[in-house]
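We use all heavy atoms of the structure for the numbers below, so side chains are in, but hydrogens, waters and symmetry mates are not.
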Amino acid sequence: TRDNKSTSSSRASSPAQLEATEKLKQVKTRLQLVDLAGSECVGMSGVTGTALRETSFINRSLSALADVLGAIAEQRSHVPYRNSKLTHLLQDSVGGDAKLLVMLCISPDQKYLTESMQSLGFGTRARQVQRGQVKKKNFPVQSKAK
């Protein structure tokens, strides 16, 4: 008589092996929330002193972010992430395989038309950024051995 035993097992893995496999499939994520409120037209706000300096820094950071988004949208070989602390910190969130959501605050008041149009222009540039599909990265989980 012939023996019909297979050399490979069709049984499920042991619970310990399944647990180890599941640990390897955990995904590491990062959520960054950045509030850039405060960017404003200095002429309209009339700010002076420390507030003027802060407004200037915020506006420069927004300009650098717009440059980065433009470089990504145009698929330039160099993206100027290091032109600002903001863009350097957001490099993983803006480029690569991350998802990016930009929320704009605009006003229907005629008094703020210029600022609203500038905000919408920024949003348009951000929307032009095209990236491939987000890829999951699996990182091994470090066991906490005691």
Side-chain angles (χ1 to χ4, degrees), residues 7-146:
T7 56
S8 64
S9 173
S10 61
R11 293 185 312 158
S13 300
S14 70
Q17 289 173 328
L18 286 174
E19 185 179 325
T21 303
E22 287 301 313
K23 283 183 180 179
L24 291 175
K25 290 182 181 178
Q26 290 183 2
V27 176
K28 181 180 177 182
T29 61
R30 181 185 312 173
L31 174 65
Q32 293 180 316
L33 302 172
V34 179
D35 178 8
L36 296 173
S39 61
E40 56 193 25
C41 179
V42 175
M44 286 184 74
S45 66
V47 295
T48 59
T50 305
L52 175 62
R53 185 179 160 122
E54 181 180 337
T55 298
S56 174
F57 287 136
I58 291 169
N59 288 338
R60 273 192 251 155
S61 293
L62 279 173
S63 179
L65 182 57
D67 291 343
V68 164
L69 293 174
I72 294 170
E74 295 172 8
Q75 298 179 345
R76 291 187 220 148
S77 60
H78 173 69
V79 179
Y81 289 113
R82 293 182 180 236
N83 286 358
S84 130
K85 286 182 183 179
L86 174 69
T87 55
H88 185 68
L89 290 171
L90 292 178
Q91 183 172 352
D92 291 341
S93 297
V94 175
D97 58 359
K99 289 206 174 219
L100 174 68
L101 172 66
V102 177
M103 295 174 65
L104 304 171
C105 295
I106 59 172
S107 173
D109 193 330
Q110 183 69 28
K111 178 180 175 181
Y112 302 108
L113 178 64
T114 302
E115 287 181 303
S116 293
M117 294 303 291
Q118 287 175 347
S119 293
L120 291 171
F122 179 84
T124 300
R125 285 191 299 276
R127 190 171 184 202
Q128 291 171 346
V129 174
Q130 298 289 324
R131 288 187 301 257
Q133 192 172 12
V134 175
K135 300 171 192 165
K136 291 183 181 179
K137 294 179 183 176
N138 291 330
F139 295 95
V141 176
Q142 308 256 334
S143 63
K144 296 179 182 178
K146 292 183 179 180

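Atom NZ in K85 sits 11.5 Å away from atom CZ in R60 (nearest 0.5 Å). Within the model, atoms CD of E115 and CG of D109 stand 11.0 Å from one another, a figure rounded to the nearest 0.5 Å. Here the CZ atom belonging to R76 is positioned 7.5 Å from the CG atom belonging to D67, to the nearest 0.5 angstrom. Between N59 atom CG and E54 atom CD the span is 10.5 Å, to the nearest 0.5 Å.
At a threshold of 4.5 Å between non-hydrogen side-chain atoms, the residues V94 and I72 count as touching. Put simply, the side chain of R127 does not reach to within 4.5 Å of the side chain of T124, judged on heavy atoms.
For S61, the side chain to side chain contact (heavy atoms under 4.5 Å, CB included) test picks out S84, L86, with sequence neighbours left out. Considering only residues two or more places apart in sequence or on other chains, I106 meets the side chain to side chain contact (heavy atoms under 4.5 Å, CB included) condition with S116, S119, L120.
V34 pairs with exactly one of L89, L90, V102, L65 by the side-chain contact (heavy atoms from CB on, under 4.5 Å) rule, that one being L90.
More than 12 heavy atoms of other residues, nucleotides or ligands lie within 6.0 Å of CD in E74, so this atom counts as buried by the packing criterion.
The two residues A126 and L69 have their closest heavy-atom pair at CB-CD1, 3.7 Å. Summarising the geometry of Q128 relative to A73, their closest heavy-atom pair is O-CB, 3.7 Å, with the distance given to 0.1 Å. Closest of all the heavy-atom pairs between T87 and Y81 is OG1-O, 2.5 Å. Looking at every heavy atom in both residues, Y112 comes nearest to S107 through CD1-OG, 3.6 Å.
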